[in-house]
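Below is one structure, written out as structure tokens; comments come after it.
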Amino acid sequence: MEGLEVSKLKGYDLAINIRKIDNIDKLANNPDVEKIDIINGYVNIRLKQEYYKKIELNTDREHKVVAIEYPSVNPNKPWHIGHLRNAIIGESMYRILKLKYDKVERIDYIDDLGLQVAQSYWYYTKYGVSNEHDKFDHRVGIDYVKVNQMFQDNEHEIREILRQMEENNIARDFVDKVLDAQLETAKLYGIGADYRIYESDIKRDIFEVGLNKLKDLGYIEYIDNGDLKGTYVTKLGKKVIIRSDGTATYLGKDITFQMWKAGIIDGLKFIKKDNTWYSHNKGEFKNIKANIIINVIGIEQSSHQNEIKEIFKQIAPEVNYLHLAYQRVKLKQGHFSGRSGNWIGYTADDLYREALNRTNNHDLALASIKFFILKHNPKTEVIFDWDKALSTTGDSGVYVLYSYVRMLGLERNALVQPNLESLDDDDRELLKYLLMYKSSIDKAIRYLDPSVIAEYVLNIAESFNSYYSKHRISNNPSKLWVVNKIKILYEKMLNCLTIPIVSSI
RNA sequence: GGGCCUGUAGCUCAGUUUGGAUAGAGCGACGGCCUUCUAAGCCGUAGGUCGUGGGUUCAAAUCCCACCAGGCCCGCCA
């Protein structure tokens, strides 16, 4: 049954454009086919009901290693809704990828050497921490807004802090405190990581190796005159990788890290904590050797990502380097900005609290937030609106879970054993979704877009609810069998969307 | 100036990569449906120059070209 699409006509299961098939007789004689009819230029196929008995939810598996990076939030502020979008898209993509690839590793990058952290750490050592919130990441984030107003007058001191951080890693404990608070949010939303890698460890253990490799391979060159005198730049785009003072740019550090993911360079050590490998100077060597590298990063970094992609084409053409670009979440007033503090009141923690307020249920709160985020194509700009985000009707997470609980209710109240005796056209309408399983997963992976699955789930829910209101199910063996089949599919897809499976709401 | 993304119903969005059946949902509006498995639901009505103009094709929302509008990127910031 390869190459066929699902029929749009009731009473038929599969279809194919008549121009795209050369042997209709062969199709008609297929043992799984009950009958075919040509309607509106399409060969419509009705399958024998036995076909549905043996159908399984399988994908074509590939023996490849995938590294997916998200959400890599700067450790000096709480997650806001934009960070949450990144995290939820990443986690959902991870679950989807696992259906196809042997090994999928989630990587969270901790930028503990950035200017942002230096600013926050400078303020922290000088003035302590605000008490305007009970969570440490929020407190530091609120202070960060203040630092920004003080930055110009204190830039020299802050740059010196940054230098010391790079040299002696003096901010690591501070960063870890913020990170611990951020991870409470991650845990609340069910966002996990297999590796958490600190920039300071990258700098200490693999940076030199990476740059030497690039020099050896001839992909970067030294500039000895002009504006860029004293720097190393990429041969292709002439982007600076090492500054004239010998320090690395963001691009330089990033390329090194990506090279490590692919196993081109080695040397990072890790210790295990709560099922996650954390980079650490006193750990064991580990590597990933990814065949496919996916980075969940804002669309505004597209040219930067393309730069790395081009370099990868040269140094490791066998590695598939992909950018899952997502559009930022905006407020009506404009973009989120850590500096301006306009995220205050719009953190991931605030969103959860408000969702809980509206639904009075932990799982429904999570489902409504997650579904709202995932139903949008990542490239769609989302203008945040409380009522839309936390809607409990229509194409919402609540609707999606409500439908699932209905399925469970039918099983609970069953008066007979589920058993496929006969299928009517309405049963077939619902069972069609089983036929779409493989192509839906493939499409979500090909486009790097979990909204494909969100749409799929929503369509199943709509069809099921319609079916539910039309038929009495609990006393009908065939219909109970159909619902059970759909329920198994539905659970699998909810898991892909990271939406919790609940028994009642 | 160069590059990328977006433009589909009043609003928010699917559908565009692989051209193909009458362009689909949700919200909002209007009208129905709870003595029967969860009404956070279901059924129906109204609502479309698919940004504009060309081209390719038996066939274009989908492919090509030009243009218009909005957003983003192009730093020895990250």
Side-chain angles (χ1 to χ4, degrees), chain A residues 3 5 7-9 15-20 39-42 44 72 74 111 113-117 199 223 227-233 237 239-254 298-307 323 325-328 330 335 358-359 361 364 368 372 375-383 385 387-388 391-403 405-415 439 443 446-447 451-452 454-456 458-459 461-462 464-476 479-480 483 504-505:
Chain A
E5 46 189 295
S7 176
K8 290 185 178 179
L9 301 181
I16 184 164
N17 189 309
I18 196 156
R19 293 168 214 269
K20 291 181 183 167
I39 302 163
N40 293 335
Y42 274 77
N44 284 275
S72 306
N74 267 326
D111 184 3
L113 294 186
L115 185 63
Q116 289 200 11
V117 169
E199 183 176 322
I223 302 290
D227 288 350
L228 298 179
K229 186 176 179 198
T231 64
Y232 280 90
V233 301
K239 302 283 181 197
V240 175
I241 283 199
I242 306 176
R243 301 186 188 102
S244 49
D245 65 2
T247 59
T249 62
Y250 174 55
L251 183 63
K253 289 182 280 197
D254 206 1
I299 202 164
E300 69 279 4
Q301 291 200 40
S302 287
S303 28
H304 173 85
Q305 285 296 312
N306 282 335
E307 198 79 35
H323 176 203
Y326 68 96
Q327 185 60 261
R328 283 185 281 187
K330 279 175 70 177
H335 291 296
R358 295 186 186 213
T359 56
N361 177 308
L364 284 183
S368 49
F372 172 74
K375 76 179 179 182
H376 292 95
N377 178 314
K379 284 178 183 159
T380 301
E381 184 176 79
V382 174
I383 301 197
D385 177 294
D387 291 332
K388 278 178 187 152
S391 153
T392 57
T393 59
D395 52 355
S396 67
V398 172
Y399 176 74
V400 161
L401 266 194
Y402 176 81
S403 309
V405 170
R406 268 186 158 178
M407 292 179 200
L408 293 185
L410 291 175
E411 284 193 339
R412 209 172 33 241
N413 297 321
L415 301 169
S439 60
K443 192 175 170 191
R446 200 163 62 246
Y447 295 178
S451 78
V452 170
E455 190 75 16
Y456 184 41
L458 198 59
N459 288 334
E462 282 166 359
F464 166 73
N465 279 315
S466 174
Y467 183 79
Y468 178 93
S469 53
K470 192 170 171 187
H471 299 284
R472 180 93 196 158
I473 295 163
S474 55
N475 57 1
N476 184 319
K479 290 199 160 32
L480 278 168
V483 168
S504 66
I505 63 175

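Keep in mind that what you see is a predicted model, and the values were worked out from it rather than measured. Letters A, B, ... are given to chains in the order of the sequence lines, protein chains preceding strands, and every chain is numbered from 1.
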*Mark yes or no for a side-chain to base donor-acceptor pair under 3.5 Å between A:S244 and B:C76, with no hydrogen or angle criteria applied.*
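Donor-acceptor pair under 3.5 Å: yes.
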
*Side-chain donor or acceptor of A:T231 under 3.5 Å from a matching atom on the base of B:C76?*
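A donor-acceptor contact between them is absent.
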
For a quick check of understanding: with a heavy-atom distance under 4.0 Å over all strands, which category does [X] fall into, base, sugar-phosphate or nothing?
X: A:Y402; value: base
X: A:G409; value: sugar-phosphate
X: A:S396; value: nothing
X: A:L364; value: base
X: A:K330; value: nothing
X: A:R406; value: sugar-phosphate
X: A:K8; value: base
X: A:H335; value: sugar-phosphate
X: A:L251; value: nothing

Measure from the side-chain heavy atoms of [X] and tell me the nearest of [options].
X: A:S504; options: B:U38, B:U12, B:C74; answer: B:U38
X: A:T380; options: B:A21, B:C13, B:C74; answer: B:C13
X: A:Y399; options: B:C42, B:C5, B:U36; answer: B:C42
X: A:N377; options: B:A14, B:C73, B:A21; answer: B:A14
X: A:N465; options: B:A40, B:C42, B:U18; answer: B:C42
X: A:E462; options: B:U12, B:A21, B:G26; answer: B:G26

_Pairwise C1' distance for B:G19 and B:U57, with rounding to whole Å_ =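 Per the computed distance, 9 Å lies between those C1' atoms.
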
*Determine the Euclidean distance between corresponding P atoms of B:C58 and B:G26; express it in Å to zero decimal places.*
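To the nearest whole Å, 38 Å.
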
*d(NZ, A:K375; C1', B:U12) in whole Å*: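 Computing the A:K375:NZ to B:U12:C1' distance gives 8 Å.
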
_Check: A:N44 main-chain N/O paired with A:S7 side-chain donor or acceptor under 3.5 Å_ =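 Checked: no pair found.
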
*Between A:Y468 and A:R406, is there a cation-pi geometry (under 6.0 Å to ring centre, at most 45° from the normal)?*
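So A:R406 does make the cation-pi contact.
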
*Using a 3.5 Å cut-off on both pairing distances, which stems of three or more Watson-Crick or G-U pairs include RNA chain B?*
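Expected stems, ordered by start: B:1-7 with B:68-74, B:10-13 with B:24-27, B:29-33 with B:41-45, B:51-55 with B:63-67.
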
